[in-house]
Structures are given as C-alpha cells and as structure tokens.
Number of protein chains: 2
Amino acid sequence: MHISANVSERAKEPPNIGVSVVILALGPSDLDDRADNLPAANTASGTAPDIHATASRSDTANTVEVGNGIDHTASRTSDGDAVPTLRIPLVRRIRQPFLGDWALPGGDLQGGRSLEYAAEKALRSTTSLHPQYLEQLYTFGDPSRSHGGLPMVSIVYWALIGETEAKDFREAQNVRWFPVNQLPPLAFDHKDIIEYALTRVRNKIEYSDIATRLVGSEFTLSQLRNVYEAIYGRKLDAPNFRRRMLSTGMVEPTGEKLARGAHRPACLYRYVAHTGTGKSAKSTKPAKPGSRDIPTIPTQRTAQQ
Amino acid sequence: MHISANVSERAKEPPNIGVSVVILALGPSDLDDRADNLPAANTASGTAPDIHATASRSDTANTVEVGNGIDHTASRTSDGDAVPTLRIPLVRRIRQPFLGDWALPGGDLQGGRSLEYAAEKALRSTTSLHPQYLEQLYTFGDPSRSHGGLPMVSIVYWALIGETEAKDFREAQNVRWFPVNQLPPLAFDHKDIIEYALTRVRNKIEYSDIATRLVGSEFTLSQLRNVYEAIYGRKLDAPNFRRRMLSTGMVEPTGEKLARGAHRPACLYRYVAHTGTGKSAKSTKPAKPGSRDIPTIPTQRTAQQ
DNA sequence: TGAATAGTGTCTCTTAGACAGTATGGC
DNA sequence: GCCATACTGTCTAAGAGACACTATTCA
C-alpha cells in the first residue's frame with residue numbers, strides 16, 4: 001500500500017480498504033444503577049485531555065443524541081421501570097482529521113483473510129471479546145467522507161455482545177463505552193453509521209434468532225424480553241411478548257424454574273434450532289460469526305468477480 | 001495497482017476491489033410470447049464458441065435452475081395466465097478462471113468516484129441504460145471465492161430497469177439477457193449472488209416504493225401488479241392487491257382512464273411521495289441512484305474511517 | 001351476447017396489542 | 001397479610017388472502 005506523489009495521481013488509484021465494527025453490547029440488566037462501574041465509561045482513560053463531559057451522566061453536555069425515534073435520554077422511564085440500554089465501545093482519534101473525536105474500531109484488510117476475520121480482529125483489539133453475532137452492515141465508499149484524510153472504502157460490520165461477556169471487556173487506552181443514546185462527537189460519518197446499525201438490529205431482531213444468542217443457554221422469558229427491550233429501547237408488554245415467543249416455536253421450556261427474588265419463580269427455556277417444521281418458522285439461517293461469505297436473509301450484493 | 005512477485009507477498013497486500021451489478025429488468029408484460037426477439041437472449045453474440053444451448057427455450061439443458069422457492073420453469077402457469085419474468089444481463093468470460101461461463105457485469109473502482117458511480121458505469125457499459133433504482137447489495141471478500149484468480153473484494157449493487165427502458169438495451173459483444181429462472185452456468189459465486197439479490201428485491205418491494213419506479217408516471221393497478229408479479233414470480237390476487245396498494249396511500253387516482261382492449265378501462269394512478277402523514281407510511285427514504293452514501297432502510301454497515 | 005379485464009363486497013384466519021385477572025414465591 | 005413478578009384469559013383492531021359478485025368495454 002504505497003502513497004502516490006500527487007493528488008491527481010492518487011485520484012486514479014483505487015482507494016484503500018478498511019474494515020470497521022459497530023459493537024453493540026448489552027448493559028447490566030439488574031436494577032441497581034451501576035453507572036459508575038460500567039465498562040470504562042467513566043474512567044479517564046488516556047493521554048489526551050478529556051474533551052468531553054462525563055458521558056454516563058444524565059446531562060448530555062458534549063454528547064450527541066442519536067435520533068432513533070425513541071424518547072429516552074436516561075435509561076429509566078418515568079414510571080421507574082428500568083429499560084436496559086445498549087452500549088458501544090468507541091476509540092478516540094489520535095490524529096487528524098477529527099483529532100480527539102471518537103470513532104468506530106477498525107483495521108486494515110489482509111489479502112488472504114476474510115472480511116469477517118478483519119472485523120473480528122478489530123473487535124478483539126478493542127475489547128478483547130468474541131462476538132455472539134457478527135454480520136456485514138454496509139460498505140461506505142463515498143469520496144466526500146474522507147474529510148481530508150485518504151480516500152477510504154470502509155466495509156462495516158456490526159456485532160452483538162451479551163451481557164455476561166461484556167463484563168470482562170478489556171480496558172484499553174483511548175477506548176470507552178457509551179450508551180447508544182448518549183454518544184460523544186463522532187468522527188467522519190460514524191454517527192450515521194451507528195444509527196443505521198441500530199435500525200438494522202431492530203429490524204433483524206424481528207425475524208431472526210439473534211436475541212437468543214445474547215442470553216445464556218437457559219433463560220427466563222423475562223431475561224429474553226430484556227434483550228428485546230434493550231435493542232428496541234422501550235418496555236414491552238410481558239404477556240404479549242411471552243405469547244409471541246412461544247408461538248414462534250423458537251424456544252421450549254426446560255422444565256426447570258429460576259427463583260430470583262420475592263416473587264413467583266420463572267420457568268426456564270432454551271433455544272430451539274429451526275428445523276423448518278416449526279409453526280411460523282421464517283427462514284433464518286443462523287450464519288455464525290466468521291462462517292462464510294454468504295449473508296443471512298435481508299441484505300444485498302452484486303460482484304464483479 | 002501492481003502485482004507482486006510471489007504469492008506469499010501478495011497475500012499480505014490488500015486485495016483488489018471491484019464493483020459488480022445484478023441488473024434486474026422487467027420482461028415484456030404483453031401476453032404474446034416474444035421469446036425470440038427478447039433482448040439478445042437468442043442471438044449468437046460472440047467470438048467464443050457457444051457452449052450453451054439456447055437459453056430462452058423451455059428445455060433447460062445447460063441452464064441452471066435458481067432455487068428461489070417458486071416453481072416456474074416457464075413464464076406461464078398451467079392455467080394459461082402469463083407471469084412476467086425478470087431478466088438479467090450477463091457477460092461471458094473471455095479468460096480463466098471460468099472461461100466461457102457467464103458473469104455479472106462489473107468494473108474497477110476509481111479513487112475519486114463513489115461506489116454508485118462505479119456500479120452505474122458497469123451497468124452502462126453493459127446495457128447502455130440508466131437504472132431506475134440502484135442500491136448496494138453486499139460486499140464479498142472471502143479469499144476462497146477467487147478460484148485461482150487474484151483475491152478480489154467485490155462490492156455488489158443491484159439495479160432495477162423498467163420495461164420501457166429495457167427495450168432499448170444495447171446489444172453488445174458477449175452480453176446476453178437471461179430469465180432469472182433459466183440462468184446459464186455462472187462464474188465464481190455469482191449464482192449465490194443473484195439468488196441473494198432476488199431475495200433482497202422481493203423483501204424490499206414489501207416496504208418500499210421501488211415498484212412504482214418501474215412503471216410510468218401514470219399507471220393502472222394492473223400494470224403495477226405486473227411489476228410485483230414479475231419480482232415475486234407468481235400471480236397475485238387482483239382485488240387484494242388493489243386494496244393493499246390503496247390502503248398504503250402510496251398511490252392516488254389521476255381521474256383519467258386507460259382503455260386497452262375489449263374490456264372495461266382501468267383507472268390511472270400516480271405515485272404519491274411519502275410525507276409521513278400517510279396512513280401506514282413506513283419510513284422509506286427514496287434514495288435515488290447515485291444520491292449519497294447513506295443506504296435506505298434495512299441494510300448494514302460499520303466503518304473504520 | 002360473450003369474452004375479458006376492472007373493480008366491490010364479504011368472509012375467514014392470523015397476529016399484535018391492551019389490559020383484567022390469577023398464581024406463586026419471599027418477606 | 002403485602003408486594004413483586006410470573007403467567008393466563010380475553011377482547012379488539014388491523015391485515016392478508018380466498019372468492020363470489022358486479023361493472024364496463026369491444027367484437
């Protein structure tokens with residue numbers, strides 16, 4: 001990857017390729033507000049002067065409200081019920097353009113490796129975690145998005161990380177976690193990209209099994225509902241949610257129960273892989289992370305080679 | 001882009017980038033079977049020996065049935081009603097690998113140009129047409145897909161071309177149009193890519209306005225239904241289709257009528273841009289071809305830059 | 001008049017959502 | 001007993017699909 005002598009020469013060459021990841025992780029779902037020991041959200045993490053107010057406070061000074069169509073600046077609704085929130089790790093830029101702003105984790109693409117490999121590598125180097133789910137989001141290549149940097153085609157992936165996994169994140173230099181509804185100033189078009197990823201996830205959760213990957217192998221329907229609520233950013237009606245989950249045939253009871261407090265214990269369920277014989281088994285190829293180059297259901301393609 | 005001396009060196013370099021297009025065009029919807037003067041489908045077009053049987057005949061020797069879950073090897077159903085079919089232009093490969101097989105049109109990516117530009121250019125050079133709709137499909141980058149060629153990342157777009165536009169295609173060397181249900185042997189993973197594009201289009205037509213771009217500015221509901229039928233590959237119930245279209249508020253009557261035969265004339269309608277005040281106005285940013293780098297609703301992204 | 005397409009009415013089935021009410025645990 | 005959560009029952013409204021039926025044109 002060599003850089004040409006002048007700009008007109010450079011324009012004729014193909015742009016560089018990078019791979020980036022929107023990493024969506026479940027926040028803690030237990031009701032005590034642990035804002036101060038959330039993954040690195042509040043710890044001064046680095047060398048550069050802190051140009052932002054504390055991101056996890058309820059005031060939104062120096063943070064950007066992502067317009068996701070849902071009104072929740074805090075993680076609790078007015079009636080006092082907790083709505084779990086999604087969190088996202090970002091990397092502070094240490095060079096121009098957008099020096100000091102926050103950006104999605106990313107890396108270069110190696111010739112002999114798959115795109116998923118590059119995405120997982122970017123994810124690991126930022127969080128030292130493995131994704132529960134990884135899928136291509138979109139490829140951005142408009143020349144105007146470089147803002148003075150080198151022209152760059154960014155192949156963007158999005159990843160999901162479960163609550164238990166997110167607890168052993170790696171606290172790295174210039175890496176912080178932000179709630180998706182309180183993002184800091186972002187470099188390039190990364191704000192649009194995150195919004196787009198959220199739209200995509202909320203859409204995908206409707207017809208796929210991604211939510212079941214964010215809970216353990218056995219789970220209560222409340223726990224599963226919490227995953228949906230975190231992704232939607234709003235509370236769901238518990239009775240209707242139960243009916244919907246059971247009617248899909250995607251989950252089945254284990255027979256066990258789980259007591260977690262001064263109330264009736266909840267039945268445990270497990271995920272049932274779709275055999276195609278289920279009742280409303282919409283076609284949902286699981287497509288594990290790093291599996292192959294064939295996307296799951298609704299995405300897009302066309303290729304010269 | 002220079003080629004390195006040996007393989008191990010090459011593997012460390014970033015792969016080449018190309019842009020390809022799945023071009024979906026409406027076939028003729030009038031009922032006379034014009035298989036023999038369809039765009040270039042049957043004319044011997046080239047220098048290379050013709051390794052395929054006539055692709056537009058009803059026998060499928062040397063053609064590949066794309067498994068789209070719909071049983072229609074011919075364009076007519078058993079009751080005699082015509083089902084319009086989608087057609088797709090392919091380019092015959094004139095070098096290894098996959099010499100003689102058919103492939104999606106594509107081209108290189110120039111640094112100073114957008115991805116859409118490259119896709120439109122590939123489309124123009126093959127068909128001399130402008131797309132009614134152009135959208136990114138997916139980016140393929142698995143090393144295994146090169147099959148002996150150079151490693152290649154393919155950013156794939158899909159395009160829609162209306163029936164009237166498709167009539168003045170350009171008959172080019174080594175370019176032919178095939179019905180999507182009778183494809184010839186395809187190079188690389190292009191068969192998967194086309195199947196994926198069809199899935200995507202059938203999905204997208206549900207919640208977007210792409211169908212209205214394939215008819216004129218004024219159209220009857222029968223004409224619009226024909227577009228849906230071509231994309232779905234099956235007949236639709238006319239009364240239910242009418243109700244559904246009218247209930248979305250996406251179309252409105254012009255007051256005019258169109259007489260086309262020995263039967264009751266049909267009312268003409270026009271497309272109504274969504275203002276957000278409509279009844280079931282699902283969020284559908286139009287996203288014209290070549291507009292910007294922000295995708296429409298359900299797709300995916302994440303980027304390093 | 002008949003053929004062919006345009007268009008209306010109506011029925012059923014399914015699903016999502018609202019919400020009242022019951023069940024079962026800890027305290 | 002009370003409280004909190006788990007779970008059941010039921011009503012309503014909207015949407016998709018099947019399909020009988022009417023309307024309007026030309027030949």
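Each chain gets a letter, A, B and so on, in the order its sequence line appears, and its residues count up from 1.
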Expressed in angstrom and rounded to an integer, what is the separation of [X] atom [atom1] from [N] atom [atom2]?
X       : N       : atom1 : atom2 : result
L246(B) : dG15(D) : CG    : P     : 13 Å
E206(B) : dG15(D) : CD    : P     : 14 Å
Q223(A) : dT5(D)  : CD    : C1'   : 13 Å
K235(A) : dG17(C) : NZ    : P     : 16 Å
Y207(A) : dA16(C) : OH    : P     : 16 Å
L224(B) : dA6(C)  : CG    : P     : 12 Å
R242(A) : dG9(D)  : CZ    : C1'   : 13 Å
E256(B) : dA6(C)  : CD    : P     : 17 Å

| Taking C-beta and beyond as the side chain, do V22(A) and I88(A) meet within less than 4.5 Å on heavy atoms? | yes

| said: I'd like to check V201(B) versus W158(B) (side-chain heavy atoms, cut-off strictly below 4.5 Å). Are they in contact? | reply: yes

Can you see which heavy atom on [X] is nearest to which on [Y], and at what distance?
X       : Y       : result
R242(B) : L221(B) : NH1-CD1, 3.4 Å
R244(A) : Y228(A) : NH2-CE2, 3.8 Å
K204(B) : E135(B) : NZ-OE1, 2.7 Å

| S222(B) side-chain N/O to dT5(C) phosphate OP1/OP2 under 4.0 Å | no

| query | Within the structure, does a side-chain N or O atom of R260(B) lie under 4.0 Å from either OP1 or OP2 of dA6(C)? | reply | no

| request: Looking at every strand, decide which applies to T220(B) at a 4.0 Å heavy-atom threshold: base, sugar-phosphate, or nothing. | output: nothing

| Which distance, rounded to the nearest 0.5 Å, do you find between the CZ of F241(A) and the CZ of R225(A)? | 7.0 Å

| request: Look up atom CD1 in I161(B) and atom CG in L26(B), then write down how far apart they are to the nearest 0.5 Å. | output: 10.5 Å

| Could you write nucleotides 18-27 of chain D as a row of B, S and -, 5' to 3', where a protein heavy atom under 4.0 Å of any base atom gives B, of only sugar-phosphate atoms gives S, and otherwise -? | BB---BBBB-

